[in-house]
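Scroll down for the structure; my scribbles are underneath it.
A note on names: the letters A, B, ... follow the listed sequences, proteins ahead of strands, and every chain is numbered from 1.
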Number of protein chains: 2
Amino acid sequence: MKKYVPILARTQLFRGVEACQVEAMLHCLDARLCTYQKGEYILRQGDTLDDIVIMVEGSAHIQKDDYWGSRSILGHLEAGDMFGEAYAAPESGPLLNDVVATDNCAAIFFDVRRVITTCSSACVFHALVVQNMFFAICEKNKALVQKLGHMSQRSTKEKLLSYLSEEAKRQGSAAFEIPFNRQQLADFLSVDRSAMSNELCKLRDAGIIRFARNRFELL
Amino acid sequence: MKKYVPILARTQLFRGVEACQVEAMLHCLDARLCTYQKGEYILRQGDTLDDIVIMVEGSAHIQKDDYWGSRSILGHLEAGDMFGEAYAAPESGPLLNDVVATDNCAAIFFDVRRVITTCSSACVFHALVVQNMFFAICEKNKALVQKLGHMSQRSTKEKLLSYLSEEAKRQGSAAFEIPFNRQQLADFLSVDRSAMSNELCKLRDAGIIRFARNRFELL
DNA sequence: ATTCCTTTGTTGTAAAAACAACAGATTTAT
DNA sequence: ATAAATCTGTTGTTTTTACAACAAAGGAAT
């Protein structure tokens, strides 16, 4: 666990907390390290969650499969990202999605009650962590609204452009990589893969985008 | 403003705070009452917001219009509902949506910094309000994920059933009212109104639902 | 290097949704 | 009460998407 302290110290949750302080807080927050093989389920729809999870290695998808086997991908997590904040409230009910490892990966679980309840004395930085968590949820909220913005586009082409241009903006460059292959991107945008692939090529032929594999560029 | 104190006391933000205490906190939170005519903009996309807004009368839609005039409705607010929590974080950027009065309505604005910063002495309940706000954002987060669940359905019929069954569950009854007319429901689900109307009638003819105006029943 | 498996692009067909136009019902305004 | 405006359902047409099947390209494993 110790080796992940530098990564934790750079996360949103521990912003402003020195690495040595993070290490000191681990016990106080009941931190537990878990590792997963690619494809393994980290969390399952319907589970109840009393922890906040921070990915410290590898990556994962937040997704849901319906009865007919069609999948929808809600989001993507990589090292440094947090999951489960929204279930911090008591009686927040079971998870609405699965979290599945897309690589071999490692995650640290923190007891949510210990995170949001400032402890008696030791952790001087605890109040800061509570505030960071608060702001993290605000940001996730905005990210969800943006995803809804993509999903509310009426055509596949518009969905693609909406997503790709936001991603370019987010990554601060017209050339960027996305954490999805074609099928995953289709599941993320809730469209058909082949139709989407078709639209991507039309956009390329129209000189609007360039791409190779999961690397895209807006022109 | 005083007349809305009982309503405020029943909101999520002031849960656990007595009405008389709420009244005492109004000044401390820099509460301001604003009223709007039906159709008026309460907030505009691109605005920066340093307040948390609680609707105390009437109702409003959170929505966005694109350049081609097509509208997408993100959500609905009525008396007691809160808006703007997600912009509580500093540097959270401009609003992504408009908020538009769908009735004559009244809203109270609270200075967000005063809400999330517990003040020196007077307000013994302030810490409770901070926690309530935290949980409110968690809940909104879950609501957004559920909306994404509806939007990620591939067909209009599935979107309708996903939304209607969640609404039935949320309202705790197979018979319930929705805060949208047909055009608004279509804008909420990002589908075409006439096609949706058609699907609704097919569902009715198949004996799956009943409806009249904005009153629905699942069979 | 060869084989196997995965990913991506391409095409044709079937199904669904968007669009447009309109009639009847209901509500609102005068 | 009447007229005007809005809302809802219905239909036919056009456009788009989903689906299915397959070939080509790229990577991984042996």
Distance below 4.0 Å between A/Asn181 side-chain N/O and C/dT7 OP1 or OP2: yes

Please determine if a side-chain N or O atom of A/Arg182 lies less than 4.0 Å away from the OP1 or OP2 oxygen of C/dG9. yes

Pairs under 3.5 Å (N/O, protein and nucleotides 23-26 of chain C):
none

Remember a base hit wins even if backbone is also touched, and classify [X] as base, sugar-phosphate or nothing at under 4.0 Å, heavy atoms.
{"X": "A/Glu199", "value": "sugar-phosphate"}
{"X": "A/Ser197", "value": "base"}
{"X": "B/Ser155", "value": "sugar-phosphate"}
{"X": "B/Phe211", "value": "sugar-phosphate"}

Need to verify one output field. Residue with the more 5' nearest nucleotide on DNA chain D, A/Arg193 or B/Ala195? B/Ala195

Heavy-atom nearest nucleotide on DNA chain D taken for A/Ser190 and for B/Cys201; more 5' hit belongs to B/Cys201

Looking at the base of D/dG9, is there any donor atom on it, or on the side chain of B/Arg204, that sits under 3.5 Å from an acceptor on the other one? no

Base of C/dA17 paired with side chain of B/Ser194 (donor-acceptor, under 3.5 Å): no

Expressed as a whole number of angstroms, how long is the span from [X]:[atom1] to [N]:[atom2]?
{"X": "B/Met196", "N": "C/dC19", "atom1": "CE", "atom2": "C1'", "answer": "15 Å"}
{"X": "B/Glu158", "N": "D/dA18", "atom1": "CD", "atom2": "C1'", "answer": "12 Å"}
{"X": "A/Asn198", "N": "D/dT17", "atom1": "CG", "atom2": "C1'", "answer": "10 Å"}
{"X": "B/Asn214", "N": "D/dT8", "atom1": "CG", "atom2": "C1'", "answer": "13 Å"}
{"X": "B/Lys159", "N": "C/dA18", "atom1": "NZ", "atom2": "P", "answer": "7 Å"}
{"X": "B/Asp205", "N": "D/dT10", "atom1": "CG", "atom2": "P", "answer": "7 Å"}
{"X": "A/Lys157", "N": "D/dA18", "atom1": "NZ", "atom2": "P", "answer": "15 Å"}
{"X": "A/Asp192", "N": "D/dA20", "atom1": "CG", "atom2": "C1'", "answer": "10 Å"}

Locate the shortest heavy-atom distance separating B/Leu29 from B/Val115; write the atom from each residue and the value. CD2-CA, 3.9 Å

Looking at A/Ala186 and A/Asp192, what are the two nearest heavy atoms and their distance? CB-C, 4.1 Å

Side chains of A/Ser72 and A/Ser190: do they bring a donor and an acceptor to under 3.5 Å? no

Exactly one of B/Asp187, B/Asp65, B/Asp66 clears side chain to side chain donor-acceptor pair (under 3.5 Å) with B/Arg71, and that residue is B/Asp65

Return the orientation label for the B/His76 and B/Phe180 ring planes: parallel under 30°, perpendicular over 60°, tilted otherwise. perpendicular

Mark yes or no: A/Lys140 above the aromatic ring of A/Phe83, with NZ or CZ under 6.0 Å from the six-membered ring centre and no more than 45 degrees from the axis. no

Geometric cation-pi criterion, B/Lys159 with B/Phe188: 6.0 Å, 45°: no

Salt bridge (Lys or Arg N to Asp or Glu O under 4.0 Å) evaluation trace for B/Glu199 with B/Lys202: CA-CA 5 Å; B/Glu199 290 296 331; B/Lys202 282 191 210 165; 3.4 Å; yes

